[in-house]
Each structure stands twice: as structure tokens, then as C-alpha cells.
Amino acid sequence: MSTFAIPRSVEWRETHVTILNQQKLPSIIEYIDLHTLEDVYEAIATLKVRGAPAIGITAAYGLALAALRYDTESLDEFRRRLKRDRDYLASARPTAVNLFWALDRLVTAAADALSVNEAKTTLVHEAIRIQVEDEDVCRRIGEHALSLFRPGERVMTICNAGSIATARYGTALAPFYLAKEKGIELSVYALETRPVLQGARLTAWELMQAGVDVTLITDNMAAQAIKAKGIGAIIVGADRIAQNGDTANKIGTFGLALLAKSFDIPFYVAAPLSTIDLTTKTGADIPIEERHPDEVTHIAGVRIAPEGVNVYNPAFDVTPNELITAIITEKGIIRGNYNATLPSLFTKEEQH
Ligand code: MRU
């Protein structure tokens, strides 16, 4: 089977945006059409589309879609509505910086337009460009990440930082797709990732579609699996990387980084430059989304905890920079001294 039997998570269709409904995977492969700004907001907020780059791409299309329908010839009025709709979509989720990055990239792209028509065309082109670029960026992340693994290595991951979380290939999962293309054997140990099971439902499904060797474990099996199965490295994605390298990613990532230190194995973060937020100085400044208690008290709609129990449900945690062996971006692999190395990525050419 070709590596890319995996469906794309987002498609621009001129009059609407089509997304793969990630809430229903893996049992149902359903595509849904988003026609309005509210549809796009709801799809992001309810995790029908999720994963930092995919959220950014979808929001960019959502903003372009809304702007195409502004019935005004006044550029001032156009910009006022664009700002209002940008702010609305930006409030769908707080942690993944790619959402704000993509929306702001559109607003900036349209800033110099000389007419409303030109602004509309620019917004659509910019949104498409974000998606096209992300595929290339993810492939390059995968090439760099692959250089860190030995053939036959067993690598652990959490959540889903795969093809459906991006334009294609994913970030943390990209090296496994590239390894498959090149005939290099790597095995993945995927944590199921409670509460909403992105690891079990999405990562296991994606990797199996592509014929990548994947073993599913529950989150509390991580230490035992590292010890018993000789895991050689851990690789995760990111929702936001602060200037000092502190990294927000799916809840449970911080615990894995502590395990990596304890077992003396490398802990890698794979992410595009669009996930690095130099305006956020440290992890303490990253807003952590807290989601509905039902995600913890229920699994697939079935209650598993007593009615009325207190619940704490943070969707992300922050891994401190000192636990991160390297950050892998499309511009290459950087290790340590992140306060200096992360800003320099934005001006330098790709490392080979
Ligand atoms: O809540 P989610 O499913 O959007 O969280 C996703 C993650 O934490 C991913 O690891 C991250 O966005 C990177 S996706 C390439």
C-alpha cells in the first residue's frame, strides 16, 4: 500500500471547506463541509479538526471563506469585518499558536490590497499557500528527524502529530512515513492519549494505513514499555514553543520527558517554525486550555465515573526546555541554548 493512502484532513473547495471528521475516526471515515465562519469555529472547538498546523490551515480557509462574502466595496469596512472575524476564529482554542499565526498571516497579506476584490483574492491565495507550504515543511522535518533514528529502533510518541494533524506527513510522525518510503524499518509505540484518545483513534489508524509498525499502549504503560521493549527515543509534536524552548503539547508529554530523562533516552520535539512563538518568552506564558469534564468522565459517550465527581481536564502541559534533547524544525535540528538558537532559525538557511 502506498504511504499516502491517508486522506487529507482539510480541502479548499472555493465555496466551502471540506474536513475529515477526526471525532469519528477510526470507525467512521466521514467528510464534512464547512460553509460558514460558525461551522469552522465549531469544527475547531470540538476537535473535528485538530492538531496545531491543521487548525491553522482550517482557520485560514474559514477566514478567506467569510471574507469572500463581505458585500462592501469599502476597504475600511472590509478590514473592520476581517479583524472581527479573525478575532472570532482566534477564540476557538487558546494553546496552539498556529491558529493565530495563520489568521494573522492572512490579515497581513491583505493589508496592502488596493481594492476589496484584490484583498479577497489575496486571502484565498495566502490560505492555499499556508497549506502547500506546510506539506513541504513537514517533509523536511521528517528528513531531519529520520537522521536521528537507527534502523530497527523503537520510538515512542503521544497524541497525534501525524498527517491528519497537518497538511501531510505530520511532524513527529513524518520520519516514520519517510522511513517507510526508503525501506528503513522503525517501530512506533503510541500512547492512547486520554482523555480523547488521539493516539489510539488517530495515530494507530494513520500508521496502520501506511503499513508502519505500530504498537498501542495505554498512557500508564509508558515506563514499563520503555524498560521492557527497549524504546530508544521519544518524539512528540508541539502546540506552542516559547522562545526559551519550553514546549506545550498534549497532556502527558511532560511526563514522557521526565521518563526519558530517567531512562537516559533522547526526548525530541518536532515542529514547524509556525509553532515557535518568540513573543511567548517562557512556558509560564503559554495559556493551557482546560476542556469539558465530560471528556474525563465519559469514554465514547459512556459514563465511567460517578456523577458529580470533581474533574481537572487540562488539554496540554508544558515540558521545560532542559528536558528537551533537540527541537527538529524544517530548518534543521537544534540542541540547547534555545533562547539564542530559536530566534536565529527565522533568519537562517536550512541546515543539511
Ligand atoms: O488537542 P489536539 O488534538 O489538537 O492536540 C494536538 C497535539 O497536542 C499535537 O501533538 C500538536 O498539535 C502537534 S500536531 C502536528
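All ligand and atom numbering here is 1-based and tracks the order in the structure.
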Legend entry - Basic-acidic side-chain contact under 4.0 Å: Arg240, Asp277: yes

Legend entry - Carboxylate-amine/guanidinium proximity below 4.0 Å for Glu143 and Arg140: no

Inset, instruction - Could you list the residues that satisfy side-chain contact (heavy atoms from CB on, under 4.5 Å) with Glu185, not counting sequence neighbours? - result: none

Inset, instruction - Give a yes or no on whether a salt bridge exists between Asp76 and Arg80, defined as a side-chain N under 4.0 angstrom from a carboxylate O. - result: no

Legend entry - Check: Asp285/Thr280 side-chain N/O donor and acceptor closer than 3.5 Å: no

Inset, instruction - Any chance you could lay out the side-chain contact (heavy atoms from CB on, under 4.5 Å) test for Leu25 and Ile164, step after step, and finish with the verdict? - result: CA-CA 11 Å; Leu25 286 171; Ile164 58 173; 3.9 Å; yes

Legend entry - ligand 1: protein residues within heavy-atom distance under 4.0 Å: Arg50, Gly51, Ala52, Pro53, Arg93, Cys159, Asn160, Ala161, Ala165, Thr166, Thr171, Gln198, Ala238, Asp239, Asn249, Lys250, Phe316

